[in-house]
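Some notes on the structure that comes next.
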There are 2 protein chains.
Amino acid sequence: MARPRQNLLTRQRIIETAAAIVDAEGLEAVTVRRLGTELGVQGPSLYNHFATMAEILDEVADAVVARVDVSFFATHDWRSALGLWARSYHAALSAHPNIVPVLAQGPGRRPAALAMADAVYGGLIEAGWPPARATHIGALMRYLVTGSALGSFALGFAEDPQLYALYPHLRDAHLLAEHQHSVDEGAFTLGLDLLIAGLDRLYASLKGVRA
Amino acid sequence: MARPRQNLLTRQRIIETAAAIVDAEGLEAVTVRRLGTELGVQGPSLYNHFATMAEILDEVADAVVARVDVSFFATHDWRSALGLWARSYHAALSAHPNIVPVLAQGPGRRPAALAMADAVYGGLIEAGWPPARATHIGALMRYLVTGSALGSFALGFAEDPQLYALYPHLRDAHLLAEHQHSVDEGAFTLGLDLLIAGLDRLYASLKGVRA
DNA sequence: ACCTGAACACCGTTCAAGT
DNA sequence: ACCTGAACACCGTTCAAGT
């Protein structure tokens with residue numbers, strides 16, 4: 001059989017395959033040899049397309065961030081835009097929790113993460129927030145979204161009821177896993193609503209508006 | 001030279017040595033062989049004291065959580081207690097940021113993490129919060145603290161000014177690193193203050209108190 | 001009971017050789 | 001230009017052998 005004129009690999013194919021492994025089995029399951037097997041090549045072939053394994057995972061992470069909708073800042077009041085963006089960000093990360101540790105290190109040089117930071121910061125500045133405060137708000141939102149996506153609170157407790165015998169108030173903690181979605185979503189929604197309401201009041205006081 | 005009657009290793013010594021490496025060089029620097037070298041034994045000797053490497057890192061993480069002060073719930077109003085605890089939790093994690101990914105997976109079977117969850121949840125229940133809300137508040141606080149400790153927002157941007165040419169509002173992002181402490185602390189403090197003020201209002205409305 | 005030395009099945013990455 | 005095969009310097013973990 002003749003050598004195909006088209007390359008066996010593209011960056012896109014590699015990233016998609018890596019993303020599928022991350023979602024199904026976690027970050028540690030993505031190895032050079034495993035990727036090679038799934039792509040039908042030998043492991044070292046990947047180095048014709050990427051310099052390091054970390055670069056591949058960075059692109060997987062950025063593809064997730066690229067799906068976050070930042071368009072609201074162009075069309076909505078800053079309060080609505082912040083809430084809609086944060087929900088979109090949260091939804092994108094919750095769909096791919098295994099990649100969150102890579103994302104949580106900051107935008108670095110990832111284009112989608114930088115574009116998102118630019119849109120959010122720009123939106124807040126144009127709404128009249130002082131630069132230092134706009135930075136704080138952007139940081140705070142990242143803390144909440146990555147913190148909530150990084151590890152499910154509900155699933156963070158072991159399933160073993162006996163474990164909690166020593167802790168008087170944790171008697172039913174082993175049941176949290178059954179209510180994972182409502183616990184984790186409820187906590188995120190509570191936090192987001194409280195923060196936006198609080199920022200609204202802070203904004204009003206900054207602008208000299210009396211309640 | 002005779003064989004010492006005392007063991008060369010103890011769990012305590014291993015954990016302390018691992019913690020020092022984590023702090024100085026990060027999680028990836030902690031290897032069985034490296035620990036062996038620093039402890040004056042061969043790597044496999046560690047398996048007489050721990051079943052896995054993950055178990056060692058779990059204990060390093062729990063030692064950090066053990067330093068969080070949860071006593072406030074016994075002595076203070078829930079609002080003050082929540083704020084003082086969250087600041088103590090944040091300070092403990094900020095002092096050892098490299099171990100945060102281990103912590104962020106939840107308490108699991110770690111005694112200090114379980115004791116902390118018990119104290120916080122118990123304190124909120126005794127203050128009169130409904131159980132579901134108390135769970136949300138505990139989760140929310142973990143999101144904020146681990147999210148902020150996991151990766152510095154300020155240090156998450158590359159130091160290369162040229163990188164930001166494409167992003168109109170990020171022109172000065174490369175300067176964030178110089179103000180790391182005030183950016184990261186400012187964002188955390190803003191978030192904590194807004195959340196506690198918001199929870200105070202929510203509590204008042206739950207208890208039927210009119211503003 | 002605890003430590004050693006050798007071994008197993010992995011890693012990421014490099015590089016000369018092939019096409 | 002891209003892929004292969006062999007190699008290097010690592011991993012965590014197991015286990016028989018020593019004391």
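To find a chain, count down the sequence lines: A is the first, B the second, and so on, and within it residues start at 1. Keep in mind the model is a prediction, meaning the values are calculated, not measured.
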In whole Å, I'd like the distance from the [atom1] atom of [X] to the [atom2] atom of [N].
X       : N      : atom1 : atom2 : answer
B:Ile14 : C:dC2  : CD1   : C1'   : 11 Å
B:Asn7  : C:dC3  : CG    : C1'   : 9 Å
B:Glu28 : C:dT13 : CD    : C1'   : 17 Å
A:Gln6  : C:dT19 : CD    : C1'   : 17 Å
A:Leu9  : D:dT4  : CG    : C1'   : 12 Å
A:Arg34 : C:dA9  : CZ    : C1'   : 16 Å
A:Met53 : D:dC10 : CE    : C1'   : 17 Å
A:Leu35 : D:dC3  : CG    : P     : 14 Å

Inset, instruction - Look at all strands and tell whether B:Val32 reaches a base, only sugar-phosphate, or nothing, counting heavy atoms closer than 4.0 Å. - result: base
Inset, instruction - Mind checking A:Thr31 for me? I need base, sugar-phosphate or nothing, with any heavy atom below 4.0 Å counting as a touch. - result: sugar-phosphate
Examine [N]: is either OP1 or OP2 under 4.0 Å from a nitrogen or oxygen in the side chain of [X]? Give yes or no.
X       : N     : value
B:Gln42 : C:dC3 : no
A:Ser45 : D:dT4 : yes
A:His49 : D:dA1 : no

Legend entry - Residue pair A:Gln162 / A:His174, side-chain donor-acceptor N/O under 3.5 Å: no
Legend entry - Test item: B:Arg171 side-chain N/O and B:Tyr164 main-chain N/O as donor-acceptor pair under 3.5 Å: no
Legend entry - Side chain B:Thr146, main chain B:Arg142, donor-acceptor under 3.5 Å: yes
Inset, instruction - Evaluate the ring-ring contact (aromatic ring centres under 6.0 Å, His included) criterion for residues A:His169 and B:Tyr121: first the C-alpha distance (whole Å), next the side-chain angles of each, then the deciding distance (0.1 Å), finally the verdict. - result: CA-CA 7 Å; A:His169 300 102; B:Tyr121 182 73; 7.0 Å; no
Legend entry - Passing candidate, side-chain contact (heavy atoms from CB on, under 4.5 Å) with B:Leu93, options B:Ile99, B:Val100, B:Leu150: B:Val100
Side chain of [X] only, heavy atoms from C-beta on: which candidate in [options] is closest?
X       : options               : answer
A:Tyr47 : D:dC2, D:dG12, C:dT14 : C:dT14
B:Arg33 : D:dG12, D:dT4, C:dT4  : D:dG12
B:Asn48 : C:dC3, D:dC3, C:dA7   : C:dC3

Legend entry - Minimum heavy-atom distance between B:Ile21 and B:Arg34, given as atom pair plus value: CD1-CG, 3.8 Å
Inset, instruction - Can you tell me which stems DNA chain C forms, taking runs of 3 or more consecutive Watson-Crick or G-U pairs with both distances under 3.5 Å? - result: C:4-8 with D:12-16, C:12-16 with D:4-8
Legend entry - B:Gly40 vs A:Val30, nearer the 5' end of DNA chain C by closest nucleotide: B:Gly40
Inset, instruction - Measure up the B:Trp129 and B:Tyr203 rings against each other and bin them: parallel (under 30°), tilted (30 to 60°), perpendicular (over 60°). - result: tilted
